[in-house]
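Below is one structure, written out as structure tokens; the observations come after it.
Both ligands and their constituent atoms are indexed starting at 1 by order of listing.
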Amino acid sequence: MKNSVTLTDNRNGNSYEFPILNGTMGPDVIDISTFFTQTGMFTFDRGYTSTAMCRSSITYIDGLKGELMHRGYDIAYLAENKTYLDVAYLLLNKELPSKEQFLEFKSELKKRSYIHEGMMKIFDAFPSGAHPMAVLQASVSALSAFYSDHLNMNKPEEYKEMAMRIIAKIPTLAAFSYRHKKGYPIIYPNLDRGFTENFLYMLRAYPYEHVDLKPVEIKALDTVFMLHADHEQNASTTTVRTVGSTHAHPYACIAAGIGALWGHAHGGANEGVIRQLEAIGTVDNVDKIIARAKDKNDPFRLMGFGHRVYKNFDPRAKVLKSMCYQLLDEIGINSELIKIANRIEEIVLNDEYFISRNLYPNVDFYSGLILKALGIPNDMFAVIFVIGRTPGWISQWIELKEQDTIKIVRPRQLYVGHTNRTPK
Ligand code: SDX
């Protein structure tokens, strides 16, 4: 049996053969790279929902089963037994770190957690009402000016240095932009603290004052970072790969990924979840919101529900839900928001409209509640997503660069405009 498919054009009986490519898990793919040359036609796939854009060995998702693996390790195992830095190391180096490798990785990141002092002026350029994602995207793009040597890289050790810098500096840039926006004194990284603890420290500390960081808060934020670390070819990762295919500076690629993630249909959803829960106000108003979500004539979407790939529970939402309850119990918050969230989830999981459309809570539904409980402002939620996702983006960029050849991304179109017109 030939490992191929045959397409027949019913208009003229012509048939065309295309090879099938087999992966190690998940659906096989039909290689249609010769489709235009063979048929003179393009394929059409709005939003690329049925299109594989690359080979990858980083993350595997089974949307029907609700499975997520990084380099073959199930996310539930990683969340239960590892830290965010373990997963960042795994994404970058293809293996989980030994204890010595972990300690070296952690130390090397600390050494790079400071930014060039010349970058501090960037924050002054922004008005106090600037959205932190705008500031972060601009400052990451500016990093490409301070590290112009990363524009021409061809060796793994050069990729590694570039990756360590961006992973280490983005939390600092994020914390600095938050402090600047609030008019607070800038708190520099404290090299005695762990990666995730250090970020909370830079957000909360005051000069020369002790800052109280509860272990459950650090664990909750570390879990949020981990569960956002990578997610196959989502919109922002595809953006990073697309910009990477032109050989642009890697930090320009990450800045482009930040721009894509900002949208409320993607990484901006966790901010949207909280704003929606706050707007609902009380459990009594939930039914009205559910009615709007089900109304075909209303563009309203229930933030934190639905997913382009998961047509089952997002496995990350399951982990975050239990982490959320643990955090709220330990810090003693019994917010109305969590009651509203529980009521919404209870209805969605039992209502025909949502069940028939495979709409389940996604990663953003509970991450927003955790970040709210940590006292992180709503407009910083997508920034937290960026910090978590950066090791994934940069690992995907490295995987793109390590291919034998890089094809620049250049899709085609179905043209529906004017045919050739002669000027009157
Ligand atoms: C992330 O891709 C990734 O991996 C992304 C991400 C990652 O880690 O990178 O997982 C992170 O982006 C998670 C998703 C966060 N976004 C939100 O929570 C925003 C709310 N969700 C929706 O915008 C929507 O569900 C999407 C965008 C996430 C998915 O949209 P799809 O797959 O294109 O679904 P669709 O628009 O084709 O909708 C199918 C049906 C429609 O109804 P019908 O036209 O069939 O009657 O489901 C309905 C939609 O109206 N629907 C919703 C809904 N989501 C889809 N109805 C109400 N509320 C919703 N949230």
Just wondering, do Met303 and Asp364 contact through their side chains at under 4.5 Å, heavy atoms? no

Minimum heavy-atom separation for Ala260 and Ala235, please, with both atom names.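 Heavy atoms only, the tightest pair is CB-O, 4.3 Å.
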
Just by distance, no angles: are the side chains of Asn152 and Glu158 close enough, under 3.5 Å, to form a donor-acceptor pair?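 Side chains of Asn152 and Glu158: no pair found under 3.5 Å.
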
Does the side chain of Asp45 pick up a donor-acceptor pair with the side chain of Thr51 at under 3.5 Å?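 Yes, a side-chain donor-acceptor pair sits under 3.5 Å.
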
Going through the distances and angles, do Tyr251 and His150 end up as a ring-ring contact (aromatic ring centres under 6.0 Å, His included)? CA-CA 9 Å; Tyr251 297 167; His150 288 342; 5.4 Å; yes

Mind jotting down which protein residues get a heavy-atom contact under 4.0 Å with ligand 1? Chain and number order, please. His231, Asn234, His264, Ala265, His266, Ala269, Ala293, Lys296, Arg301, Leu302, Met303, Gly304, Phe305, Gly306, His307, Arg308, Lys311, Arg316, Tyr353, Arg357, Leu359, Asn362, Asp364, Phe385, Arg389

Can you tell me how far the CD atom of Glu108 sits from the CD atom of Glu161, to the nearest 0.5 Å?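 One gets 8.0 Å once the value is rounded to the nearest 0.5 Å.
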
